[in-house]
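Quantities reported herein were computed from a predicted structural model and do not represent experimental measurements. Just so you know, these numbers use all the heavy atoms, side chains as well, and skip hydrogens, waters and symmetry mates.
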Amino acid sequence: MLCVIDGTSGAIFMVLDGTDTFGLSEAARGIWAKSAGHLGWLSLPQHLLDTARVGGLLFDHWLAPAVKGRWADCLPGGHADARALLVFLCSAHDLGKASPSFICQVETLAARVRQLGLECPPLADLKDERRAQPHSAVSNWALTAWCSDHGLPVHLGRQLAAILGAHHGRAVPAKDVQAIPDRPAGVGGAEWDAVRTELLDWAGRTSGVAERLSAWSEVVLPMAVQIEMTGLLIMADWLASNQDYFGLRPLDSVLSPAVITDPDRFRRGWDHAALPSPWAPLPSTLSGLELYREQFGWPAEYRLKPIQEAVEELTDADCQLMIIEAQPGEGKTETGLVAGYRLAARYGAQGLLMALPTQATTNAMLERVLDWLDHQSVEMQHSVPWSLGLGHGKARLNPTYAEMVEAVRRADAEYAVDALYPEETQPRTNDEESADGMARAVAHQWFNGRKRRLLHNFVVCTIDQILVAGATIKHQMLNHLALAGKVVIVDEAHASDSYMNVFLDALLPWLGEYGTPVIVLSATLTPARRRELVAAYGGAEAARVPELDGTDYPIITTLNRDDTRARVTRIPTIAASREVHWEWENNDLDALIARLRRTVPDAGCVLVVRNTVTAAQQTFDAIRDAGLGPVSLAHSRYIAADRTSNDGRLVETFGKHGRRPRRHIVVATQVVEQSLDVDFDLLVTDLAPMDLLFQRIGRLHRHQRQRPVGLELPRVLVLAEPSEAPDEPPRADSGSHAVYGDHLLLRTAAALIEHGPTLTLPEDIAPLVAGALGPAPIGPPHWQPTLETARVEYEAHRAAQREAAGAYALPKTPDQLRRRRTMADWMAHSPDATEQQAAVMVRDTDPTLEVILVPLDPDGQVIRPPWHGGLPLDVRSIPNRETALEISSWSIRLPPQLTRWPQRLEQTLRLLESQEAVRHWAWRQHPLLKGELFLPMTQIQEGSTVLMTDLFDEPGGVGKLRYSPDRGLEVIRA
C-alpha cells in the first residue's frame, strides 16, 4: 500500500493500489467495462481500480479543504472516513456493468463471459432490459441490497446507492430501482449476484470501508454532501475513462492480477493528466495597504480607498456573503479580488470565480485576473500552475486565452512524443520556467471540455455560466462541486433582469449550504433586490434588517450564515461630490443634430447611447450625413473580430490614458454600460431605467482632465418625445418601450422630474434608484392612470418571466431536502442541455441564430474581409488551426427579424442549410468549424468594404442583408 499525508488534517491514509484484486475470481476479472471493437477493451476491475486511484488522489490533492471538512463532519472517523467512502464509491460506481443487459452489447466480449460460466443472452433478447435497466440503475439497486446485508441503516444505504445511480449525471428514480428485479434476465441469476457481491466486497475491503461500517449507524449524509460526492465521482470516472490517460488493453491481453494492478499504468496516466494544484491562500500577515501592493503591484504613492479599508475589517470577522455597492472608480474590482483572497484563506476555498454581464467585460477581466495571479505571494507559488478558464461562447477567439490553450496543446504534444521514448522522458512538472510558455495559470485542456469549465481553479465567465448552476440540467453535480470549493464573485449584479434573478436566487441557497463565500459587486441595487439576495443566501430571517431598505451609499452588506441577521455598513467615499445637469431633448434626429451643432460647435467628445441597434444605426447615419465631424458606431451586431477591434479602439481612444481626439461622436447601444472604461465630455442618451441611466452617466467626465469650452461641467441630454398634452409624461421611442417596457421608463422620467435638473453624485444614486424602481407612489396626480396601466402590465410580465424561469430553475432548496433524502429527491427532471441551450434557458430572450459571415468578391471567390486584407481563401481544403480560428472570428448573430418567430426561424435555417455550394466546403470538416452555419455575402463592387446578400429576399421575406465595418449588419427592407 502507498501512504499519503492529508494536507488538511495531517492524517495518514492508505492509497488504494489494488493488490487485493488477487482475491477476485477469473469471472469477475473477465467482465468488460470499455470497448473499442478491435482496438481494445478494458476489464471492469481495471476501470474500477483506475477510478478509485484517481478519486483518492483528487481527494488528497484537488478537493477544497472546505469541502473535505464538510464531508468529515458527517462521519465519525473524520477525514479518513470521508476519503475511504469516496474511494469505495469510485471502486463500485460501474458495478451495474456486471449484468447481462450491459455485457450483451458486444458479442465477442459477451462470448468470453459465457466461457467463464456466466449466462448472457444475446442482445436481441435483451432489448427491453437494455432500456429499462441502464447500468447506473443496476448499480443503485445492487448497492442498496449490499448495504442492507451489511447492517447499514436503510436511509444511508439508499443515499450511497443513489450516488452511484447518479454518476451519469442524473439520479435514478426510486420506482426504476424498485423495478429492477421485475426483469431477471437483464440482471442475471445467482452467479451474477455472486460476482456483484464479490466486487462490492473487494471495494469495501480495499477502500477500508468494510471495517468502518459498524461505526456508521448514526450517519446521515446531507444533500449538499451527496451532491459534492457525486460530482467528484463523476470527475474521477471521466478522468479514468480518458483513453489518452488510461488506455485500453489489447483484446488478447492476459487478465492477471499483476496486469490489472500495474502501478506504472496509473503513474503514467496521472502524470499525463497533470491536474493543477488547488489554490491554497494563507491568512495574510500583511496590513491592508501592503497586501494590495503585493497583489496588484501598486506603487508606493497609492493609498487604500475607504471601501478597501472597510472590507479588510469585515473579512477579519466571519462573513460569507458580501454585497458591495459603490459607484465606478471606487475600486470595486480590486476590493472584490482581495476580499476573495481573504475569504478563501478563511474558509478553505481552492479557487475563485468571477462572473460578469457580457463577453466584453469578461475579456477585460481576464487580463486583470491574470495580472493578479502573477502577483500572488511567494508562499503560494506551486510547482504546478493553477488552471484558469475563460467561460463564454467566444473564449477561443480571445487572443490571450487562445495562446494559453495553445501552450497547453504544445505541452501535451511534447508529452505524447516523449511517451514513445520513455527512457528519455523526464518527470512532468509544468513549472513556470518551462519552455511551454506556461506561467502562474494555464488553460488546462481537460477542464476546457464540455460541462467542466467551472472546475478550473480560477474562472472568469459571463453570468450565464453560474446561472446555469441554478437550472435543472444533467451533470449539475459538477457545477455544484466546482462552486462549493470556490469564492464566487458576481460583478455588475444590477445588470440581471427578473428572469435571470430566478436562477441566481435558486442557486444562492445551495451556495449558502455549501458555505461558499459569495461577493456581489454592483453600482447600486434596489432595496428589494438587496433583501432578496440576502434572503436567498441566508434565509428569510437573515433579511429581516430594517437597514436593508435604506438608501445610504456606498454601502457593504455582510452576512455570516450562523448569524440571524445581515449587517449594513455605510462607507465614506473618497470621490468629491459632483453635480451633473440633465435636461430633456427631442429624440427627433433633426432636432438632435441641431442641438449637437449648438452644444459642440468646435471641440468635444460626445457619447450618444440608443436603446436599439436600429436606432443607433439611424443616428450614426444622420450625424455622419450632417457633417458634424468624425463619428463611429458601437453595437453588438458586428462580426466578433470587428467588435473586439471596435471595443479596443474605443478604450484606446477614450479611456483613461487614451489618445483623445479634439472632436468625435460615438453612437453606441448598451454595450458601453458595463463593457468599456471610456470617458466623454457630453452624454446624450435614450431614456432608460434609472440604474442603467446612472451606468451611462458613469461614462461622463469619468476621469480628471481638462474639458473643452462649454463642456467643463457634466451634462446629460435625455432623449424622449415631448408630450403633446401638458398632463402627459414624456415618452421614449418605440424601440425603448420594446426593450424596457413603459413602467420603468415612466417611473424614471417621474423620478427625474421630481428631483430636478441637477443630480449630485454619489449622494443621489441610491435614493433615485430606490424611488424610480421601487413600489412607492411617484409622479404628479394626473400621471397616475398612465403609471398604473404600465405597472399592471409590468407586474404581469414579471410574473410570466418568473413562471417561465421556474420551469427550468432548481425546484427545491436545501431546507426542503434535509435528513434522509437521496439524490433522487434533488432533481426530478434534468435534460441534457447543450451549452447553447443552457445559455438560452437562463436568459429571457427571443431565439437567436449565429452564423459565420463569409465574404465573396464580385466573381464569387471566397476572400478574407476586404477591410482585413481581402486575400483569397481556398474552401476546397481543410484550413490550418490558425486560419480556422480566424474564420471563427467572423461569427455574428442574425438580426431578430430573421429569428424572432418560430416560422421565420425555421425558414432562415432552411435557407442557410440549403446552400448547395457551401455544403461541399472542406472547411466544414475542421473541428472548430464543424456544425457551423455559413452566410456568404458578396462585395457590391471590387474594392468596396460593403457586403450584400439577397439570400433572404424572397416572397414573404424581409429584404436583403448588408454588412460594412462601419455600420455592422443590417436589414435592408425589400
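Without hydrogens or angle criteria, Glu191 side chain to Gly117 main chain gives no donor-acceptor distance under 3.5 Å. Side chain of Gln350 to backbone of Ala66: no donor-acceptor contact under 3.5 angstrom is found. In this structure, the side chain of Gln46 engages the main chain of Ile260 through a donor-acceptor pair within 3.5 Å. A donor-acceptor distance shorter than 3.5 angstrom exists from the side chain of Tyr401 to the backbone of Leu388, with no hydrogens or angles considered. His272 places no side-chain N or O within donor-acceptor distance of the main-chain N or O of Arg268, the cut-off being under 3.5 Å.
Using the six-membered ring where Trp is involved, Phe246 and Phe266 have ring planes that are parallel, under 30° apart on the 30 and 60° scheme.
A side-chain donor from one of Lys451 and His475 sits under 3.5 Å from a side-chain acceptor of the other. Counted by atom type alone, Gln476 and Asn479 present one or more donor-acceptor pairs between their side chains at under 3.5 Å. Side-chain contact annotation: Thr516 with Lys486, donor-acceptor N/O pair under 3.5 Å absent. Asp201 and Trp146 form a side-chain donor-acceptor contact under 3.5 Å, judged by distance and modelled atom types alone. No donor-acceptor contact under 3.5 angstrom links the side chains of His168 and Ser136, judged on distance only. Between Arg453 and Gln465, the side chains place no donor N or O within less than 3.5 Å of an acceptor N or O (distance only, hydrogens not considered). Side-chain contact check for Ser25 and Glu198: at least one donor-acceptor pair (N or O, by modelled atom type) lies under 3.5 Å. Judged by distance alone, the side chains of Asp81 and Trp71 never bring a donor and an acceptor atom under 3.5 Å apart.
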- For ring-ring contact (aromatic ring centres under 6.0 Å, His included), just list the numbers for Trp141 and His135, CA-CA rounded to whole Å, side-chain angles, deciding distance to a tenth of an Å, and then say yes or no. CA-CA 10 Å; Trp141 170 71; His135 73 265; over 10 Å; no
- Item | Full working for side chain to side chain contact (heavy atoms under 4.5 Å, CB included) between Ser99 and Gln133 | CA-CA 10 Å; Ser99 64; Gln133 297 175 337; over 6 Å; no
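Under a 4.0 Å N-O distance rule, the pair Glu211/Arg205 does not qualify as a salt bridge. A salt bridge is defined here as a Lys NZ or Arg NE, NH1 or NH2 lying under 4.0 Å from an Asp or Glu carboxylate O, and Asp73 with Arg70 fails to meet this definition. A salt bridge does not link Arg114 to Glu119: none of the charged side-chain nitrogens sits closer than 4.0 Å to a carboxylate oxygen. A salt bridge links Glu406 to Arg409: at least one charged side-chain nitrogen sits closer than 4.0 Å to a carboxylate oxygen. Salt bridge absent: Arg170 and Asp832 never bring a charged side-chain N and a carboxylate O closer than 4.0 Å.
The aromatic ring centres of His93 and His47 sit less than 6.0 Å apart.
In this structure the side chain of Lys68 reaches within 4.5 angstrom of the side chain of His79, judged on heavy atoms.
Atom-to-atom distance recorded for Cys90:SG and Leu85:CG is 9.5 Å, nearest 0.5 angstrom. For the atom pair Thr822 OG1 and Leu221 CG, the distance stands at 11.0 Å (nearest 0.5 Å). Rounding to the nearest 0.5 Å places CG of Asn457 at 6.0 Å from OG of Ser387.
Geometrically, Arg452 engages Trp446 in a cation-pi contact, judged by NZ or CZ lying under 6.0 Å from the ring centre and within 45° of the ring axis. In this structure, Arg249 is not positioned above the aromatic face of Trp32 in the sense of NZ or CZ being under 6.0 Å from the six-membered ring centre and within 45° of the axis.
Screening Leu928, Asn448, Leu390, Val405 for a side-chain contact (heavy atoms from CB on, under 4.5 Å) with Arg396, the sole residue that qualifies is Leu928.
Legend: side-chain hydrogen bond (donor to acceptor under 3.5 Å, both in side chains) pairs involving residues 152-167, not counting sequence neighbours, sorted by first then second residue: Asp94-His167.
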